[in-house]
Visitor: 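Questions regarding the structure given below will be posed in turn.
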2 protein chains.
Amino acid sequence: MSHSTPSLLARLSLNQETVRQWSLPELADGCARAGLRGVGLWRAPVRDYGVAAAARLVRDAGLTVTSLCRGGFFTALDPAERAAALDDNRAAVDEAAALGTDTLVLVSGGLPAGSRDLHGARERIADALAELAPYAAERGVRLAIEPLHPMYAADRCVVSTLAQALDLAERFPAAQVGVVVDTYHLWWDDTIGAQIARAGGAGGAAGAGSRIAAFQLADWITPLPEGVLLGRGQLGDGSVDLRWFRERVDAAGYRGPVEVEIFNPALWARDGAQVLAEVVDRFTAHVG
Amino acid sequence: MSHSTPSLLARLSLNQETVRQWSLPELADGCARAGLRGVGLWRAPVRDYGVAAAARLVRDAGLTVTSLCRGGFFTALDPAERAAALDDNRAAVDEAAALGTDTLVLVSGGLPAGSRDLHGARERIADALAELAPYAAERGVRLAIEPLHPMYAADRCVVSTLAQALDLAERFPAAQVGVVVDTYHLWWDDTIGAQIARAGGAGGAAGAGSRIAAFQLADWITPLPEGVLLGRGQLGDGSVDLRWFRERVDAAGYRGPVEVEIFNPALWARDGAQVLAEVVDRFTAHVG
């Protein structure tokens with residue numbers, strides 16, 4: 001099968017948290033005016049607006065929802081807490097399906113209070129994936145395990161490398177469970193090139209085994225702020241060789257959306273349209 | 001050759017930065033009173049006090065200097081800066097020799113301003129090791145590459161995993177270049193058990209190839225403070241399975257000092273002797 005490859009700029013998607021200052025209507029309007037074709041959405045603002053209304057709003061603006069953030073938090077030991085997490089993830093799958101996206105991003109969860117058992121926590125993630133993946137697949141949604149930077153291992157996500165994410169994903173069919181390649185989390189890893197090739201299904205049938213469900217961009221800047229959540233850099237401002245990453249992901253056969261996801265209060269304090277214009281400029285200069 | 005193994009408590013060493021509130025004489029006196037046999041020292045306070053005087057002070061207190069922190073910062077691109085770094089590292093080697101320690105801990109350096117070339121920075125570290133290792137070996141000092149947590153990759157140390165540190169160290173004789181196993185930096189890594197075994201020379205001649213030059217302990221606590229330098233946890237307060245690490249390092253054949261190195265202003269605000277007593281208690285409860 002042969003098909004034309006969309007230009008890189010046509011694949012650019014803006015994750016909503018990059019412009020948190022925008023309401024959903026502002027986001028839909030602003031992205032459409034900027035000529036974007038995709039947006040990445042978050043559950044909380046979508047639910048506040050109404051899932052069906054949000055789906056209509058975005059569709060009417062000519063936009064595709066490239067991913068929904070986020071499910072996950074699978075590591076609880078308490079059975080009631082665990083059951084609640086699974087229920088919540090089924091709701092997240094339903095929301096993703098309603099929004100028309102095939103990608104639900106998972107932040108897998110940290111260590112339960114008092115636990116030091118990383119291995120056990122990772123196994124509970126695998127157990128949760130086994131329960132959720134068929135449910136998601138029936139609704140056309142793929143679970144996308146996002147490895148988070150190791151600085152989040154304790155309190156947010158015990159999946160810290162792309163290798164770990166792939167070790168988990170590969171227990172399931174590629175169509176059901178994939179991974180997220182996010183430059184902010186993975187840039188420091190000297191095995192990342194090889195792991196991206198692995199994620200692309202290198203050595204297997206062309207395309208058939210690809211695990212890359214999403215490709216997200218942010219730059220790494222220092223000093224990190226307290227809590228280390230909101231210190232991501234605008235593209236080009238930091239240490240990440242974004243073009244190198246894009247070339248590796250290209251070489252791995254990925255042709256999907258390229259989402260810019262930057263959590264940074266300095267961006268939120270500015271005019272959203274200006275931020276988006278800057279994202280497009282930086283994307284062209286540092287990624288294209 | 002057979003020799004008796006000292007008890008674990010007899011191997012406990014206090015890194016000076018854990019009790020920054022103590023002057024060098026207070027440190028020597030406090031550690032001797034607590035029955036410790038070793039201290040890890042830092043260059044700046046040692047130079048302020050005088051290297052020869054510090055060596056005498058510590059020796060007269062019956063203490064061994066288990067390591068000197070730190071050399072490194074090898075990643076500069078500017079030739080003058082690079083030459084200055086090598087000069088400074090030769091001075092650090094001389095100081096280590098004068099203090100009677102065989103271990104100089106290296107923090108290898110981050111990315112130069114504006115650079116995104118992690119691979120190139122790592123190669124410049126290898127080049128610097130090649131220049132320094134013979135100089136250090138002639139003075140009875142082994143260079144100890146410390147992999148730092150990936151959150152320091154941009155601004156402090158592009159060597160982020162034990163595997164990377166070993167990849168560098170193994171280019172040189174084991175007697176000249178080793179690695180530091182620090183729980184704070186490495187606890188999140190699911191390959192760490194295998195890498196510790198590799199560091200111990202598994203598969204090689206027993207003991208002959210061991211790369212473990214130092215074993216350091218701190219716990220991981222959250223939230224991380226701004227700048228992420230001074231947020232280390234007292235033993236037992238955090239997410240690290242310290243005993244598991246100690247058992248792995250034991251199994252790898254390491255019988256050297258076990259250094260507690262915690263950077264935390266809350267510890268510095270307390271009475272040093274109380275902090276040290278707490279360290280000993282926690283060490284017994286969580287490591288022994």
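In what follows, chains carry the letters A, B, and so on, assigned in the order in which the sequence lines appear, proteins first and then strands, with residues in each chain numbered from 1.
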Visitor: Quick one: of A:S115, A:G231, A:P223, A:A153, who has the most non-hydrogen atom pairs under 4.5 Å with chain B?
Guide: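 Among A:S115, A:G231, A:P223, A:A153, the one with the most close pairs to chain B is A:A153.
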Visitor: Between A:V228 and B:M151, is there a side-chain heavy-atom distance shorter than 4.5 Å?
Guide: no
Visitor: Quick one: CH2 on A:W244 to CG on B:D117, what's the gap to the nearest 0.5 Å?
Guide: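 Answer rounded to 0.5 Å: 11.0 Å.
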Visitor: Is it the side chain or the backbone of A:L224 that comes within 4.5 Å of chain B heavy atoms, both, or neither?
Guide: both
Visitor: Give the minimum heavy-atom separation between B:W188 and A:T161, together with the two atoms involved.
Guide: CZ3-CG2, 3.8 Å
Visitor: Is chain A contacted by the side chain of B:P150, its backbone, both, or neither, given a heavy-atom distance below 4.5 Å?
Guide: both
Visitor: What are the two closest heavy atoms between B:D190 and A:R122, and how far apart are they?
Guide: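 Between these two residues, the closest heavy atoms are CB-NH1, 3.3 Å.
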Visitor: So which residue, A:D167, A:V158, A:L118, ends up with the most heavy-atom pairs under 4.5 Å with chain B?
Guide: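 Max contact count across the listed options: A:L118.
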Visitor: Look at A:Q164, A:E226, A:H149, A:R116 and state which one has the largest set of heavy-atom pairs under 4.5 Å with chain B.
Guide: A:R116
Visitor: Which atom names give the shortest non-hydrogen contact between B:L111 and A:W187, and what distance separates them?
Guide: CD1-CZ3, 4.0 Å
